[in-house]
Amino acid sequence: EDKVVQSPLSLVVHEGDTVTLNCSYEVTNFRSLLWYKQEKKAPTFLFMLTSSGIEKKSGRLSSILDKKELSSILNITATQTGDSAIYLCAVEEYTGGFKTIFGAGTRLFVKA
Amino acid sequence: KAGVTQTPRYLIKTRGQQVTLSCSPISGHRSVSWYQQTPGQGLQFLFEYFSETQRNKGNFPGRFSGRQFSNSRSEMNVSTLELGDSALYLCASSLAGGQPQHFGDGTRLSIL
């Protein structure tokens, strides 16, 4: 069965720390891996990684896809309290139509 | 540009009833996906629609159904409601699938 596993499930850090969130997957027809941030209700898009784009960076956030190890990491440097959120990893597969499988998420809390 | 709009925001029903949730995607987006989010199971894929056709479906019973109209707006219907259907139902849209999704704020469904 297709699955996406994230670790750790929760994390508490202090402002200024660097964090690494992990995601591993087993899907049959991999198309892309996506990271989303969910603060209150709607998840918001962070990165999309595919075979042709395995590393992305935006400000203090960066992500790498390892297609050999079927995994990805999301790095956040110099964390701020505003980074406190649930970070969701999702894998999109295509089998005649698109299906997105989400991991359980990593709940990050950044202390001031 | 207006985001994804879901209505209603909150809904309270009793067991055995049925419910219809609505989703208006971002203008120009033709792919609409629905998800169920619960504390125990996380975000689970329900189905994906494109050009009024259901292209993919998750592992949910037949009580869960949906449709998409010619203007890309989508509805999701759940019949014979059960207590376990209590959840946040999220709708997400993208141009054609295979791109990052934009999520609505969801409909919080509570079953008494």
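Letters A, B, ... mirror the listed sequences (proteins, then strands); counts begin at 1.
- Both the backbone and the side chain of B/Leu43 come within contact range of chain A, each with at least one heavy atom under 4.5 Å from a heavy atom of that chain.
- Between the side chains of A/Asn75 and A/Thr18, no donor N or O sits under 3.5 Å from an acceptor N or O.
- Of all the listed residues (B/Gln101, B/His102, B/Arg108), the one sharing the greatest number of non-hydrogen pairs under 4.5 Å with chain A is B/Gln101.
- The parts of A/Thr100 that come within reach of chain B are both its backbone and its side chain, each placing non-hydrogen atoms under 4.5 angstrom from that chain.
- No side-chain donor-acceptor contact under 3.5 Å links B/Thr80 and B/Arg63.
- Within the 4.5 angstrom heavy-atom criterion, only side-chain atoms of B/Tyr35, from C-beta onward, approach chain A.
- Counting heavy atoms from C-beta outward, B/Trp34 and B/Phe45 have side chains that stay 4.5 Å or more apart.
- With a 4.5 Å cut-off on non-hydrogen atoms, A/Leu88 touches chain B through its side chain but not through its backbone.
- A side-chain donor from one of B/Asn77 and B/Thr20 sits under 3.5 Å from a side-chain acceptor of the other.
- For the set B/Ser33, B/Gly106, B/Gly104, B/Gly98, the entry with the most heavy-atom pairs within less than 4.5 Å of chain A is B/Gly98.
- At a 4.5 Å heavy-atom cutoff, the contact between A/Leu34 and chain B is made by side-chain atoms alone.
- The two residues A/Leu46 and A/Tyr36 make their nearest non-hydrogen contact at CD1-C, 4.0 Å.
- Between A/Gln38 and A/Thr44, the side chains place no donor N or O within less than 3.5 Å of an acceptor N or O (distance only, hydrogens not considered).
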